[in-house]
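Here, residue 1 is the first one in the sequence, and each next residue gets the next number.
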Amino acid sequence: MYNFLDFLRRYHYILLFLVLEGISFWLLFRFNNYQGSVWLTSANHAAAEVNRLYDDATAYLHLGTVNRQLTDENLRLQLEAEALRNEIHRLRNDSAAGDSSLRLKLIDYRLIPATVVSNTNRDANNYLVIDRGTKDGVTPEMGVVGGNGVVGIVYLTGPHYSLVMPVNNQKSSISCRVRGQHYFGYLQWDGSSPRSAYVDDIPRYAKIKVGEMVETSGYSAVFPPGIYVGKITAVRNSKDGQSYRLDLNLGTDFSTLRDVNVIATPYKAEIDTLRARAAAADAQSGQP
């Protein structure tokens, strides 16, 4: 209490001035229409600016959630579009199938959302680290996709994190096809640019044009068919001259990649079991 009274004693002139100044402003704005309207306009403008800054800050804090939702929705739409294309093709070639219902392939796959926590895109063999591991259901050889298409394949897993081999790794090889034509080859990366890759082994009789889309073929248990890979920028002869090489501009921008999904295929375990049995049978038949 003594300190408070001492404060009032020292600064009572200033406090009295502020009180009188406040009363003066109140009288000025209360009993003068012009000054009152100016004050009201300025106060509303200041309040609107504060509200705008608050809304901008709130929107920025929610960008992560919005980006995750957009990534998931983009992937869902890609899978549904592929299912629709296949169903339309089937209906056009089967007149008796007009009453059958459309079965979307998305329900056959479980998506595990993840975030990229480490990323290299300047090396010959680049890798990503995501914040999901075996405790989240992630296993090696699962496909990884982002909002703009294919990202890569899970290479190694730990309890909480996984190492992903992206398509901009020279060891990567993913089965792809030209959308609408079903000519397929293997996606490779030559190390030139993180956004450029190529597909080899396209037959020479295929009529391929620059600007056409390349997508996953679905010929493995890693990716479902129809996931966007990139757009054709050039059609060249392969090194052996027996097929075409398609230069692509990849859909995924690895320099800004953050939100991804790991694709858990329900049939992968069964396919792996069949392959293991076939390999064991081949090994046994090869014994003297």
Side-chain angles (χ1 to χ4, degrees), residues 61 63-76 78-79 106-176 186-189 191 194-195 197 216-225 227-229 250-280:
L61 293 175
L63 280 179
T65 302
V66 173
N67 192 48
R68 162 57 57 194
Q69 293 172 347
L70 291 175
T71 299
D72 295 344
E73 182 68 12
N74 198 0
L75 175 61
R76 185 184 66 81
Q78 288 188 54
L79 293 173
L106 181 61
I107 60 175
D108 293 334
Y109 302 92
R110 181 170 63 91
L111 304 180
I112 304 172
T115 301
V116 176
V117 297
S118 178
N119 183 2
T120 61
N121 53 32
R122 298 180 181 274
D123 300 330
N125 294 316
N126 297 292
Y127 289 98
L128 307 175
V129 178
I130 58 175
D131 63 347
R132 292 292 183 270
T134 54
K135 290 189 175 181
D136 305 292
V138 179
T139 60
E141 297 186 11
M142 281 186 173
V144 181
V145 297
N148 294 318
V150 171
V151 172
I153 299 175
V154 176
Y155 186 58
L156 296 172
T157 56
H160 305 287
Y161 295 91
S162 297
L163 188 69
V164 177
M165 179 186 295
V167 297
N168 62 338
N169 183 308
Q170 291 184 344
K171 297 179 182 179
S172 175
S173 181
I174 297 174
S175 178
C176 300
Y186 290 92
L187 182 69
Q188 307 284 336
W189 188 61
R195 293 297 300 274
T216 54
S217 66
Y219 293 158
S220 69
V222 178
F223 293 101
I227 301 298
Y228 181 70
V229 174
L250 295 173
T252 299
D253 184 358
F254 291 93
S255 63
T256 60
L257 185 63
R258 182 178 182 274
D259 295 313
V260 297
N261 282 292
V262 182
I263 301 178
T265 307
Y267 314 118
K268 186 176 185 303
E270 181 179 352
I271 293 173
D272 290 343
T273 300
L274 292 173
R275 288 176 176 172
R277 290 172 59 185

For a quick test of reading the model, state the closest non-hydrogen atom pair linking [X] to [Y] and the distance between them.
X: Gly152; Y: Phe223; result: O-CZ, 3.1 Å
X: Cys176; Y: Val229; result: SG-CG2, 3.9 Å
X: Gln170; Y: Trp189; result: CG-O, 3.6 Å

Within-4.5 Å side-chain heavy-atom neighbours: [X] and [Y]:
X: Asp253; Y: Arg195; result: yes
X: Tyr228; Y: Thr252; result: no
X: Val167; Y: Ile174; result: yes
X: Ile112; Y: Arg110; result: yes
X: Val154; Y: Leu163; result: no
X: Pro140; Y: Tyr155; result: no

- Under 3.5 Å donor-acceptor, Ser175 side chain and Ser217 backbone: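 No; judged by distance alone, with no hydrogens or angles, the pair does not exist.
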
- Query: Is the backbone N or O of Arg132 less than 3.5 Å from a side-chain atom of Ser162, with the two atoms forming a donor-acceptor pair by type?
  - Reply: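 Yes.
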
- Query: Quick check: are there more than 12 heavy atoms from other residues, nucleotides or ligands sitting under 6.0 Å from OH of Tyr161?
  - Reply: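 No.
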
- Run the numbers on Leu111 and Ile263 for side chain to side chain contact (heavy atoms under 4.5 Å, CB included), then give the verdict. CA-CA 5 Å; Leu111 304 180; Ile263 301 178; 4.0 Å; yes

- Between Asp259 and Thr115, does a side chain to side chain contact (heavy atoms under 4.5 Å, CB included) hold up when you go through it step by step? CA-CA 5 Å; Asp259 295 313; Thr115 301; 3.8 Å; yes

- Item | Sole residue of Ile153, Leu128, Val164, Asn125 in side-chain contact (heavy atoms from CB on, under 4.5 Å) with Asn169 |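 Answer to the side-chain contact (heavy atoms from CB on, under 4.5 Å) test with Asn169 among Ile153, Leu128, Val164, Asn125: Asn125.
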
